[in-house]
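In the text below, chain A, chain B and the rest are named by the order of the sequence lines, each starting its count at 1. What you see below is based on every heavy atom in this structure, not just the backbone, and it leaves out hydrogens, waters and symmetry mates.
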Amino acid sequence: GVAMMKFKSPPVNSLSLEFLTEFSISLEKLENNRACRGVIITSAVPKIFSSGLDITEMCGKSTEHYTEFWRAVQEMWLRLYGSNMVTVAAVNVRPPAGGCLIALSCDYRIMAENPKFSIGLNEAQLGIVAPFWFKDTFVHVVGHRIAERSLQLGSLHPAPEAHKLGLVDELVPEEKLMEKAAAVMAQWLALPDHARQLTKTMMRKAVLDRLVAHREEDIKNFVSFVSKESIQKSLRMYMEMLKKRK
Amino acid sequence: GVAMMKFKSPPVNSLSLEFLTEFSISLEKLENNRACRGVIITSAVPKIFSSGLDITEMCGKSTEHYTEFWRAVQEMWLRLYGSNMVTVAAVNVRPPAGGCLIALSCDYRIMAENPKFSIGLNEAQLGIVAPFWFKDTFVHVVGHRIAERSLQLGSLHPAPEAHKLGLVDELVPEEKLMEKAAAVMAQWLALPDHARQLTKTMMRKAVLDRLVAHREEDIKNFVSFVSKESIQKSLRMYMEMLKKRK
Amino acid sequence: GVAMMKFKSPPVNSLSLEFLTEFSISLEKLENNRACRGVIITSAVPKIFSSGLDITEMCGKSTEHYTEFWRAVQEMWLRLYGSNMVTVAAVNVRPPAGGCLIALSCDYRIMAENPKFSIGLNEAQLGIVAPFWFKDTFVHVVGHRIAERSLQLGSLHPAPEAHKLGLVDELVPEEKLMEKAAAVMAQWLALPDHARQLTKTMMRKAVLDRLVAHREEDIKNFVSFVSKESIQKSLRMYMEMLKKRK
């Protein structure tokens, strides 16, 4: 009754439009499959969980493209955060921004205990702003104060700090990651589904409803923000920097 | 100026309709007694604070009975959570579900430091769902993330873990429990009542008002949920299991 | 691009009407100065950050005076909590009540690591009640439970406890305070201003809007409360006590 989803979009599992669309469709299929009660989300690419939103989708494209891309990001989050299945993220490292959002939207987060690995919503470092529903998801996990500081600084927290802040629930040696994910899943699936699902809905409905109510407005905000010449320039510089690193 | 309420409904201080009604009446009397400024709540039954909601009240009874029972649970919480008195829970062990709610509704929680003793809202384990005002009370004590995980798993947290999570404020050796409760009460009563009461109201009013506004709807939800054959079956099985344990 | 504001209103930097008015005007000037991106707030009076609201402004004065005074307190908070600049409080000790509010309204709080120094919102000890926006600011920093207990008891937390509760972000030896404040400021200013400011607004807007929407009502509440003979008596007694201490 447990599915395993392994991100495999080399080199860095960027959340491209194609990737997001496939992810949402896979989630929908699992959700509609009565035999499937839980899903473990991890990466098949060594040392990378996901590098987050694909910047090439936000740079030098048309308004229509930005709209379609952002709607796909929303769709993914609405499906994952609102899933009736038990969702466990097995973070085998480095998931900034959008990748961190995926982990934050699961029911439980396990991370490889390597101080070189880090996690966070680093939008502010790119000169862009996390939308309110990234923020709501973050606040529900770590509380208002930690979210306020971390979002303003675009912090990427090393694994031990991420654990201390509550951003991940547990650290395990890298080779034990999948074993631990399976054990956690078994613990959650020991409960009757119906009560667990209603409880999860009670905890998350207000935040989900808020995006549903403001979805078109949120897309408009994103498109108008990302279309600004100053933002396009920041993103181009950031991509140049990434290329040079390689 | 301090009252002591000792639960004494052997064998396990179940929150039956009769127990809840008496509890609410006692609270009302103390509330109206100007000489009484604080109340310490504890148990006179060895090793048991309260086993929580009395399952026999929810099993094989009429719709009218379920309605009356749930209204009594609401009444108790509205009186306790909204009390103008200083309320200190001296938890001499094992208060799942409804018993935990009583502790969470007080101003301060002291627990015997015995790792065998545990506390939590374990509804999910019985296949039932804690109502929104149990959840609101829980979130206000331990924050959203801990509440989300704990409620979904129906966790009973051993005393040291409960303390670490903030579910109880202090652990003391069992024999020091009442002494400590008296000392905490003295500290809280050193403040002028009026400002303390207004401050407490400011912190709790929104949550209290939410139940007051949705009280009939909440009763209807409970009655329709508990009347389902699948839930009745779960509860019967749970009672069988409890009987066998003895 | 960083301003330094040093409170200098001997003997104890009380937040008098004059002090608050000057503080708000200074903040407004800095805010309108495009060259200024951050402000460090500290005290030039040895061993005192600020003693909080000036009680002489609340005692034996006219309704008009109370109104003017409270509006000045609101104005200061609206400017500071809503500032577009990076705001760092370097707390060189003992800031109860209103002084604590100033620190809580900044982006980051550093405190001298001296267990004799304490910080908190101690209104309840004077028999008065912190207004809802003091409470909202406090809850956003330390969470609901800690705020509920601390406000009801009017607690002044010694530096190590304040740090553990999250009331201050960091403790440093007294002589390193300004050096650390400068280092933190540099870290925050390394981010692009625009994204940081929008993120800060996203985190704080709801709380700021709430006071803006209820500003006149809040003034009316304060004036009617402080005009009561019983409150005037408490404040006179408190002032007598302070005089005797000297």
Side-chain angles (χ1 to χ4, degrees), chain B residues 37-38 81-89 103-110 135-147 150 162-170 183-210, chain C residues 53 58 96-97 120-157 161 164-166 206-207 210-211 214 217-218 221-222 224-226 228-238 241:
Chain B
R37 298 174 60 215
Y81 197 69
S83 172
N84 267 325
M85 298 180 288
V86 172
T87 51
V88 173
L104 289 172
S105 301
C106 287
D107 291 316
Y108 201 85
R109 287 157 287 286
I110 307 163
K135 182 263 290 178
D136 288 344
T137 311
F138 201 15
V139 167
H140 269 192
V141 174
V142 298
H144 192 277
R145 169 57 188 158
I146 293 170
S150 186
H163 183 238
K164 206 182 143 209
L165 297 177
L167 192 44
V168 295
D169 294 298
E170 214 168 331
V184 166
M185 182 59 82
Q187 185 200 0
W188 284 65
L189 290 182
L191 278 288
D193 279 347
H194 188 59
R196 189 192 49 69
Q197 287 163 0
L198 288 174
T199 304
K200 184 171 176 177
T201 301
M202 176 169 67
M203 300 304 297
R204 300 191 168 190
K205 192 169 185 305
V207 165
L208 288 159
D209 284 354
R210 212 171 145 209
Chain C
L53 300 180
M58 303 192 251
L121 291 168
N122 70 335
E123 276 82 353
Q125 290 199 13
L126 284 66
I128 61 176
V129 182
F132 70 88
W133 40 286
F134 279 45
K135 182 265 288 176
D136 289 344
T137 311
F138 202 16
V139 167
H140 269 193
V141 174
V142 297
H144 193 277
R145 169 56 189 158
I146 293 170
E148 184 182 82
R149 189 172 64 190
S150 186
L151 283 175
Q152 282 196 67
L153 293 173
S155 305
L156 291 176
H157 306 285
E161 188 180 293
K164 206 181 143 209
L165 297 176
V207 165
R210 213 171 145 211
L211 176 57
H214 298 93
E217 193 186 327
D218 180 60
N221 280 345
F222 170 77
S224 109
F225 188 81
V226 88
K228 281 183 191 157
E229 188 40 43
S230 59
I231 301 301
Q232 286 291 317
K233 203 177 144 188
S234 301
L235 293 175
R236 279 193 304 265
M237 281 170 58
Y238 191 77
M241 196 193 75

Legend entry - Options C/R145, C/H144, C/E148, ranked by heavy-atom pairs under 4.5 Å with chain B, top entry: C/H144

Inset, instruction - Please determine, among C/L153, C/V129, C/L126, C/V139, the option with the most heavy-atom pairs under 4.5 Å with chain B. - result: C/L153

What's the spacing between [X] [atom1] and [Y] [atom2] if we round to 0.5 Å?
X	Y	atom1	atom2	value
C/Y238	C/I128	OH	CD1	9.5 Å
B/H194	C/I231	NE2	CD1	6.0 Å
C/L151	B/L198	CG	CG	12.5 Å

Inset, instruction - Under the salt bridge (Lys or Arg N to Asp or Glu O under 4.0 Å) rule, what do B/D107 and B/R204 come out as? Steps first, then yes or no, please. - result: CA-CA 11 Å; B/D107 291 316; B/R204 300 191 168 190; 3.7 Å; yes

Legend entry - Contacting moiety of B/Q197, where chain C heavy atoms sit under 4.5 Å: neither

